[in-house]
Amino acid sequence: MNINEKTIISLLKEGYNQKQISDYFKEQSHLRIGSQSSIEKAIKEIKKKHQVKTLFQLGMVIERNGI
């Protein structure tokens, strides 16, 4: 899991929405994702990686696996 995935998962756990995550990445110079579209794609890939279809399911997997 790369730093972008870890950061996105952490922000999702804190309740950030995709727009807020995008804004967060734009403010951080060391993180390379910035556009909301890029965030959407990254979340889609994270869901695919964990074999889930919804953010709720992703949250359950994250909680269960202690990610």
Side-chain angles (χ1 to χ4, degrees):
M1 187 176 309
N2 66 39
I3 189 165
N4 290 337
E5 287 182 21
K6 288 179 184 179
T7 303
I8 290 170
I9 289 172
S10 289
L11 294 173
L12 286 171
K13 287 169 66 174
E14 291 180 32
Y16 283 55
N17 64 35
Q18 291 179 359
K19 171 79 169 92
Q20 292 168 320
I21 294 171
S22 175
D23 292 343
Y24 176 86
F25 273 78
K26 287 176 186 173
E27 292 171 2
Q28 305 298 316
S29 61
H30 67 284
L31 300 173
R32 298 183 186 262
I33 298 177
S35 71
Q36 191 167 347
S37 175
S38 296
I39 298 299
E40 290 171 7
K41 290 175 187 173
I43 292 172
K44 184 177 178 179
E45 288 300 314
I46 294 169
K47 290 191 301 189
K48 184 177 177 180
K49 179 178 178 179
H50 293 283
Q51 300 175 344
V52 299
K53 293 183 180 182
T54 68
L55 285 176
F56 179 79
Q57 291 172 327
L58 180 61
M60 296 299 291
V61 168
I62 289 169
E63 183 66 27
R64 187 174 349 132
N65 297 330
I67 298 173

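FYI, side chains are in, hydrogens and waters are out, and symmetry mates aren't considered; it's all heavy atoms of this structure.
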Evaluate the side chain to side chain contact (heavy atoms under 4.5 Å, CB included) criterion for residues I9 and K6: first the C-alpha distance (whole Å), next the side-chain angles of each, then the deciding distance (0.1 Å), finally the verdict. CA-CA 5 Å; I9 289 172; K6 288 179 184 179; 6.0 Å; no

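Atom NE2 of H50 sits about 7.0 Å away from atom CD of E5, to the nearest 0.5 Å. Atom NZ of residue K47 and atom CD of residue E45 lie 10.5 Å apart, to the nearest 0.5 angstrom. Atom CD1 of residue I46 and atom CG of residue L12 lie 7.0 Å apart, to the nearest 0.5 angstrom. Distance check, rounded to the nearest 0.5 Å: NZ of K13 to CG of L58 gives 10.5 Å. In this structure, OG1 in T7 is found 4.5 Å from CZ in F25, a value given to the nearest 0.5 Å. For the atom pair CG (N4) and CD1 (I21), the distance works out to 11.5 Å, reported to the nearest 0.5 Å.
When side chains are defined from C-beta on, Q20 counts as touching N17, because their heavy atoms get closer than 4.5 Å. The shortest distance between side-chain heavy atoms of I8 and Y16 does not fall below 4.5 Å.
With sequence neighbours left out, K19 forms a salt bridge (Lys or Arg N to Asp or Glu O under 4.0 Å) with D23. Qualifying side-chain contact (heavy atoms from CB on, under 4.5 Å) partners for K41, counting only residues two or more places apart in sequence or in other chains: S37. The side-chain contact (heavy atoms from CB on, under 4.5 Å) search around Q57 returns V52, K53, T54, not counting sequence neighbours.
Taken together through direct or relayed side-chain contacts under 4.5 Å among Ile, Leu, Val, Met, Phe, Trp and Tyr, L55 and M60 form parts of separate hydrophobic clusters.
Checked by atom type and distance alone, the side chain of S22 never pairs as donor or acceptor with a backbone atom of Q18 at under 3.5 Å.
Within a 6.0 Å radius of CD in Q51, no more than 12 heavy atoms belonging to other residues, nucleotides or ligands are found.
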